[in-house]
Participant: 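Here it is, the structure, as structure tokens.
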Amino acid sequence: MNELAADLGRVTAAVQKVLRGLSDEDITALLAGEGTIRFVPKGHHVTPVERRQRAARPSTARASVNADDVKAHLSAISTEDAAVSYLTGLSLNAAALRALAAELGLRPTSSQPARAVVADLVRVFVSGRVTNRAVRSY
Amino acid sequence: MKVISVINYKGGVGKTTLTANLGAELAARGQRVLLMDIDPQISLTLSFYRPAEWQHGLRENGTILRWFDAVAGNRKARLGDLIATPPRVDEAIGQRGRLDLIPGHFRLLHEDIRQRGRVGGARGIDDTRRRMVSLSRQLAVALREPAFEDYDVVLIDCPPNFGIATRMALIASDCTVTPTRPDYLSTIGLRYFFESYDRVISEHNREILSLGESDHDPQLHPVFLGVVFTMVRFLSGQPVRQHHMVIQQARAEELPVFDTVLRFNAALYDEAGEGGIPVALGSGGNPEVLANIQDLTTEFHKRLTNDEGVRL
């Protein structure tokens with residue numbers, strides 16, 4: 001029991017050392033859910049998700065579309081499901097979707113998966129209108 | 001003189017903080033600014049006066065309640081008599097500009113029922129409409145008193161509703177600005193708010209026309225200057241993704257949105273007002289916070305001067 005308590009003390013000290021090394025921005029990101037603290041065993045290193053996915057399965061999807069066209073199309077769509085179908089139907093790979101989102105003023109993360117980028121695009125360009133229609137038709 | 005209502009019918013969105021700091025920064029730039037507190041929470045008043053100062057120096061006869069009392073009793077009262085100069089702010093601004101305040105009162109909470117009682121005693125529909133128009137424009141009429149001639153800007157801190165006091169403020173205003181937090185629930189009603197505002201003005205214009213009083217009181221076409229996002233959290237010099245998404249969503253709605261956002265800062269939002277001096281004038285304040293308020297004030301002034309926004 002005393003040995004376990006001593007180990008816990010050392011673990012806590014190690015965690016505190018990591019926390020002290022974080023910048024204010026790291027802590028803000030951590031609290032906002034935009035970062036995590038992980039245990040990485042000695043001899044291992046962290047590989048970004050995007051790089052792993054790229055190595056695993058090269059994409060054959062389209063590389064780009066016209067952002068203004070996509071925005072105009074999304075602005076004319078009245079349901080979120082239809083918007084998801086439209087965006088999925090563009091057959092863009094994750095990188096192309098991220099580029100599209102960035103061009104439309106969103107800030108996709110470098111490893112954001114395609115499905116999450118589509119969800120963000122739908123949220124910004126369609127969900128607001130759907131919500132407003134709902135609260136206005138009281 | 002430009003009259004601007006600061007309004008959102010959702011509470012806790014930074015309305016008072018925005019009003020106090022815009023006013024203080026404009027005054028520090030040499031403008032003559034009057035703030036008016038018509039929100040029964042009187043947060044704006046208590047940002048400049050300690051509760052005991054309000055109790056002993058203002059509560060009985062020195063708040064806007066006195067003017068509302070006169071309006072309800074159909075008596076004459078000069079709104080200009082209620083102008084106060086908060087001493088600590090006055091000292092901080094010095095000779096640069098001027099910042100005055102018409103203080104608020106907690107009892108404004110019951111104003112809606114009292115004022116509507118006046119309209120309720122009308123004889124027939126035309127009389128009701130005439131009384132409603134007359135009541136709604138009382139503040140606009142009061143602001144024509146000579147006491148207000150010297151002000152460049154009047155900022156009205158409105159209550160978070162569309163009651164009679166808000167209606168009076170909107171009808172007296174050349175412009176409105178709407179602060180909001182960048183979260184789902186705070187932004188959900190932005191469009192509805194805008195439509196409600198539009199409806200108040202349209203109804204007023206229609207009544208004036210139908211009552212044949214348009215010569216006496218011209219049609220109103222105020223400008224909605226835009227939405228100011230407040231309490232925005234930043235990371236690496238940019239709004240965090242979650243807040244950025246909400247801001248982009250509002251822009252996609254094609255409502256005017258200020259380019260400058262008010263950054264979240266505990267000193268600005270949690271401790272504001274305790275010292276009787278807004279953050280904009282605080283000595284030794286955080287330079288980033290001060291720069292943020294200055295940027296917002298510059299954009300506000302530019303929009304105000306150019307009537308940028310949506311004209312109703």
Side-chain angles (χ1 to χ4, degrees), chain A residues 22-36 67-78 80 83 86-87 97-98 100-113 116-138, chain B residues 8-10 162 178 180-199 202 224 227 229 231-259 261 263-267 269 286-289 310:
Chain A
L22 295 178
S23 66
D24 286 351
E25 290 183 347
D26 292 338
I27 289 168
T28 306
L30 189 67
L31 294 175
E34 294 178 358
T36 54
D68 288 338
D69 289 348
V70 173
K71 185 179 175 184
H73 207 105
L74 285 173
S75 300
I77 290 177
S78 56
E80 287 152 323
Y86 164 69
L87 287 167
L97 274 168
R98 287 194 293 268
L100 171 67
E103 204 172 339
L104 290 174
L106 277 66
R107 291 213 319 263
T109 59
S110 58
S111 59
Q112 195 169 346
V117 180
V118 166
D120 281 355
L121 286 164
V122 171
R123 186 177 156 201
V124 167
F125 292 104
V126 183
S127 298
R129 279 183 293 113
V130 171
T131 303
N132 275 316
R133 208 167 45 240
V135 297
R136 280 158 59 194
S137 56
Y138 61 95
Chain B
N8 188 336
Y9 60 27
K10 190 172 191 316
F162 264 92
T178 296
T180 188
R181 292 172 60 159
D183 62 51
Y184 175 67
L185 289 176
S186 294
T187 54
I188 211 166
L190 276 180
R191 173 67 68 177
Y192 184 71
F193 158 77
F194 181 70
E195 287 186 357
S196 303
Y197 172 35
D198 191 23
R199 198 176 307 134
S202 311
F224 178 56
V227 175
F229 280 97
M231 305 183 210
V232 179
R233 287 186 182 273
F234 270 62
L235 179 65
S236 304
Q238 292 181 306
V240 295
R241 278 195 76 244
Q242 193 183 358
H243 287 179
H244 179 73
M245 291 279 288
V246 174
I247 295 167
Q248 289 301 95
Q249 194 179 45
R251 291 205 166 106
E253 286 288 303
E254 293 180 354
L255 280 175
V257 175
F258 275 62
D259 295 329
V261 300
R263 296 171 72 142
F264 177 82
N265 186 288
Y269 292 104
N286 181 330
E288 269 189 19
V289 173
V310 176

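Heavy-atom basis, side chains included; hydrogens, waters and symmetry copies ignored. Chain naming here is simple, since letters A, B, ... match the order of the sequence lines and numbering starts at 1 in each.
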Participant: What option among A/Gly128, A/Ser127, A/Pro108 has the most heavy-atom pairs under 4.5 Å with chain B?
Facilitator: A/Gly128
Participant: For A/Ser75, which atoms come within 4.5 Å of any heavy atom of chain B: side chain, backbone, both, or neither?
Facilitator: neither
Participant: What pairs with B/Glu288 under salt bridge (charged side-chain N to carboxylate O under 4.0 Å, His left out), at least two apart in sequence or on another chain?
Facilitator: B/Arg263
Participant: Determine the option with the most heavy-atom pairs under 4.5 angstrom with chain B, choosing from A/Leu104, A/Leu106, A/Asp120.
Facilitator: A/Asp120
Participant: Working to the nearest 0.5 angstrom, can you tell me the gap between B/Gln242 CD and A/Arg107 CZ?
Facilitator: 12.0 Å
Participant: Can you list the residues that meet the ring pair (Phe, Tyr, Trp, His ring centres under 6.0 Å) rule with B/Phe194, with sequence neighbours excluded?
Facilitator: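 Testing B/Phe194 for ring pair (Phe, Tyr, Trp, His ring centres under 6.0 Å), a comparison that skips the adjacent residues, returns B/Phe224.
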Participant: Under 4.5 Å between any side-chain heavy atoms of B/Val246 and A/Arg123, yes or no?
Facilitator: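 They are in side-chain contact.
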Participant: Between A/Gly105 and B/His244, which heavy-atom pair has the shortest distance, and what is it?
Facilitator: O-NE2, 2.6 Å
Participant: Can you tell me which portion of B/Gln248 sits under 4.5 Å from chain A's heavy atoms? Options are side chain, backbone, both or neither.
Facilitator: both
Participant: Which bit of A/Leu74 comes within less than 4.5 Å of chain B, counting heavy atoms only: side chain, backbone, both or neither?
Facilitator: neither
